[in-house]
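As a basis for the values below, the full set of heavy atoms in this structure was taken, side chains included, without hydrogen atoms, waters or symmetry mates. The chains referred to below are lettered A, B, ... by the order of the sequence lines, with proteins before strands, and numbering in each begins at 1.
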There are 2 protein chains.
Amino acid sequence: MIISMHKRIIFVITYELMMKKNYSQYPKHLLAVDCIIFGFDGNNLKILLIKRNFEPKKGEWSLMGGFIGDNETLDSAANRVLISLTGLENIYLEQLRVYSEVEREPTARIISVSYYALINIENNFEINEKYNAQWFDLNDFPELIFDHNLMVNHAVARLRYRASTQPIGFELLPVKFTMRELQSLYEAIFDETYDKRNFISKINSLDILIKTNEKDMRSSKKGSFLYRFDEKKYRNKIAKGYIFKI
Amino acid sequence: MIISMHKRIIFVITYELMMKKNYSQYPKHLLAVDCIIFGFDGNNLKILLIKRNFEPKKGEWSLMGGFIGDNETLDSAANRVLISLTGLENIYLEQLRVYSEVEREPTARIISVSYYALINIENNFEINEKYNAQWFDLNDFPELIFDHNLMVNHAVARLRYRASTQPIGFELLPVKFTMRELQSLYEAIFDETYDKRNFISKINSLDILIKTNEKDMRSSKKGSFLYRFDEKKYRNKIAKGYIFKI
DNA sequence: ACAAAAGTGTTTGCGTTACACCCATGA
DNA sequence: TCATGGGTGTAACGCAAACACTTTTGT
């Protein structure tokens, strides 16, 4: 009985090895993730960059990245990278695309998958100091290493597409926000200006916000009402065939 | 002089090794591409699948795929895979996304990047027989291995998005086509039906087609005029800020 | 009283949709 | 002559864009 068990285990192991051997002729690759981290300060879109303290390109600005492990998905690697920089969990993260130019990094062949994240900049979180991270205005940030500028361009394009078809803007705002803030956010994302009457009636027609009784008194003497995104209502509408479009 | 040259070379090699050593702590991964190949037969969107003649999942239907080499990009790997199956070069190919679930393939950890291709099914090309490939109707094709069904779903979504913002539909049609064919194509892509008068006036308002003097006599006794996509005009318009939208 | 931001409706124009009949031709 | 698909125009509607004044309140 024991021997038979043994045989069985050995057979399984051998079979697995045999099957895996099929792939041994193919090269393996270093795989990394790089994160484009967006924030919004009330006026402009911001991007969180790190100053590299290691070679190559030490001292230059880059996206935050990391290598993918043997037992993690790209999504979890991107999350891990993000948590190590900001400590924030459960933040909006979307895969963008893969960059595989053979010479994209000078010291080794590294294939990189870009992710973009949306975080509420007003959450008082601690940015891990060891990375020398800094927020930059998306309209004025330094040249980045390798193909990271290209990644940022792709991320902005995707953010615009996503923001026009899904209510992801709220990821960048505090839970409660004013109409003015929401409008400024969309103006920043799409690099346009809108008429506030048209903007508000558009938003109201979507019928996915809750107007609270609270007012934000910081911005004016009169104060402006605070709104919340009604995610439950939104999900209900989606389930009934509603299509978000802004 | 020769010695000095030697020293320089040795130094360079050592430096490279030293730099690469930094990455030796990180795992390497098998990386593949999988291609969703779309065609259009005049009525329905089609997808080209292969019947696997190797384990695992021998005999089941799958997407055409292949591993990425040390000195090729993902784009060129996808192209190589496509050429080996169809012999076709210079076809429309767009990267979709990466699939990295740890257990997505049972015999080894393989991370896969999906691409979708648009080919003109009427080009008389030879499908490489060794792959047991077959065209299926996109509304009625067999269950695929691993996460390939998910890949197809993503590809259809991307195709729809792309077709609504760029004139890629023409990749699926012969160089000369009738208005009816064009309408059928868009109806197949978006799974809707359109009023032909509205469709034609919409297309004409885009002003990117050339009406030839030729008629397609196969479809009716009267015959219907053939059109060509005016790529030059389109590029000109784009350069002047024109935004394609359908 | 005044400065500064909040809040609120109506009109116009354009693009999308709905809709039906005649034409040309081969069989 | 008839059956089949090709080709064409107009009216109604709805959403998006343009546009300006009143309210509130702290200073």
To the nearest Å, how far apart are A:N198 CG and C:dT8 P?
-> 15 Å
Hey, is the side chain of B:K222 pairing donor to acceptor with the base of C:dA24 inside 3.5 Å?
-> no
Under the criterion side chain to side chain donor-acceptor pair (under 3.5 Å), which of A:D75, A:D34, A:N79 is the partner of A:Y115?
-> A:D75
Can you tell me how far P of C:dC19 sits from CD1 of B:I200, to the nearest Å?
-> 18 Å
Would you check if the distance from the ring center of A:H148 to the ring center of A:F141 is below 6.0 Å?
-> no
For the side chain of A:S220, starting at C-beta, report the closest nucleotide among C:dG7, C:dA5, C:dT25.
-> C:dA5
Does NZ or CZ of A:K211 lie under 6.0 Å from the centre of the six-membered ring of A:Y227, at an angle within 45° of the ring axis?
-> no
What nucleic acid atoms does A:K196 come within less than 4.0 Å of, heavy atoms only: base, sugar-phosphate, or nothing?
-> base
Pick the nucleotide of DNA chain C nearest each of B:G223 and A:S201; which residue has the one closer to the 5' end?
-> A:S201
Check whether any side-chain nitrogen or oxygen of B:K202 sits under 4.0 Å from OP1 or OP2 of C:dT16, and answer yes or no.
-> yes
Rounded to whole angstroms, how far apart are CZ on A:F177 and P on C:dA6?
-> 15 Å
May I have the distance from A:L182 (atom CG) to C:dA6 (atom P), rounded to whole angstrom?
-> 13 Å
Ring-ring centroid check A:Y161 B:Y161, cutoff 6.0 Å = yes
Just compare C:dC19, C:dG9, C:dA6 and give me whichever is closest to any side-chain atom of A:S224.
-> C:dA6
Charged N-O contact under 4.0 Å between B:D216 and B:R180 | no
Residue mapping more 5' on DNA chain D - nearest nucleotide basis, B:R180 or B:D195 | B:R180
Separation of C:dG15 P from B:F199 CZ (nearest whole Å) = 18 Å
Is B:R158 reaching over with its side chain to a backbone N or O of B:Q95, donor-acceptor style, under 3.5 angstrom?
-> yes
Report the nucleotide, chosen from C:dA3, C:dT25, C:dG9, that has the shortest atom-to-atom distance to any side-chain atom of B:K221.
-> C:dT25
Mind calculating the distance between CE (B:M217) and C1' (C:dT25) to the nearest angstrom?
-> 7 Å
Separation of C:dT16 C1' from B:I246 CD1 (nearest whole Å) | 13 Å
To the nearest Å, give me how far apart CD (A:Q183) and C1' (C:dT8) are.
-> 14 Å
Of all nucleotides in DNA chain D with an atom under 4.0 Å from a non-hydrogen atom of chain A, which is the first and which the last going 5' to 3'?
-> D:dA16 to D:dG26
Okay, side chain of B:N128, backbone of B:S84: is any donor-acceptor separation there less than 3.5 Å?
-> yes
